[in-house]
Amino acid sequence: RLAALRGLVAAGPKAKAVRADAEQAAAKGQSGMEVWGKVAVAAMDGDVRTAAPVVRDALRHRNPNTRAAAAAALALVG
C-alpha cells in the first residue's frame, strides 16, 4: 500500500481519478500511510509542498513507522 501511495505521488495530477482512495488512506491513521496519503493528495493538487506541515509534524510522531515515512517524504516536500 505504501508503494502504491508513493506511485500516486510520482503520478501527481494524473492520478486525480483515485483521489478518494488516497484521501481514505490519509484518514485511516495507519503507520506511514497517513503521511503518504496526504502527500499523494497534495501531489494530485499539483503542489506537493503543501504537505510539508503534515510531514514535519509526523517527524515528531510517537510511532517510529510514521516517523520513517515522514523522513522519506521530507525529500519530496522540502
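Hydrogens, waters and symmetry mates play no part in the numbers below; they use all other heavy atoms, side chains included. Note that the coordinates shown come from a computational prediction; the quantities given were computed from them, not determined experimentally.
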Can you name the closest pair of heavy atoms from [X] and [Y] and give their distance?
X	Y	result
Ala58	Ala70	CB-CB, 3.6 Å
Val41	Ala22	CG2-CB, 3.9 Å
Gly37	Leu5	N-CD1, 3.9 Å
Asn65	Asn63	N-OD1, 2.7 Å
Thr66	Gly32	OG1-N, 3.6 Å
Leu8	Ala15	CD2-CB, 3.7 Å

Once you round to the nearest 0.5 Å, how far does CD of Gln24 lie from CE of Met33? 8.5 Å
Please report the interatomic distance NZ(Lys38) to OG1(Thr50), rounded to the nearest 0.5 Å. 12.0 Å
Is there side-chain contact between Val55 and Trp36, with at least one heavy-atom pair below 4.5 Å? no
Evaluate whether atom CZ of Arg19 has more than 12 neighbouring non-hydrogen atoms of other residues, nucleotides or ligands under 6.0 angstrom away. yes
Shared hydrophobic cluster, Leu2 / Val54 (ILVMFWY, side-chain heavy atoms < 4.5 Å): no
Test your reading of the model: is there a side-chain donor-acceptor pair from Arg67 to the backbone of His61, 3.5 Å cut-off? yes
Test: Asp45 and Lys16 ion pair at under 4.0 Å: no
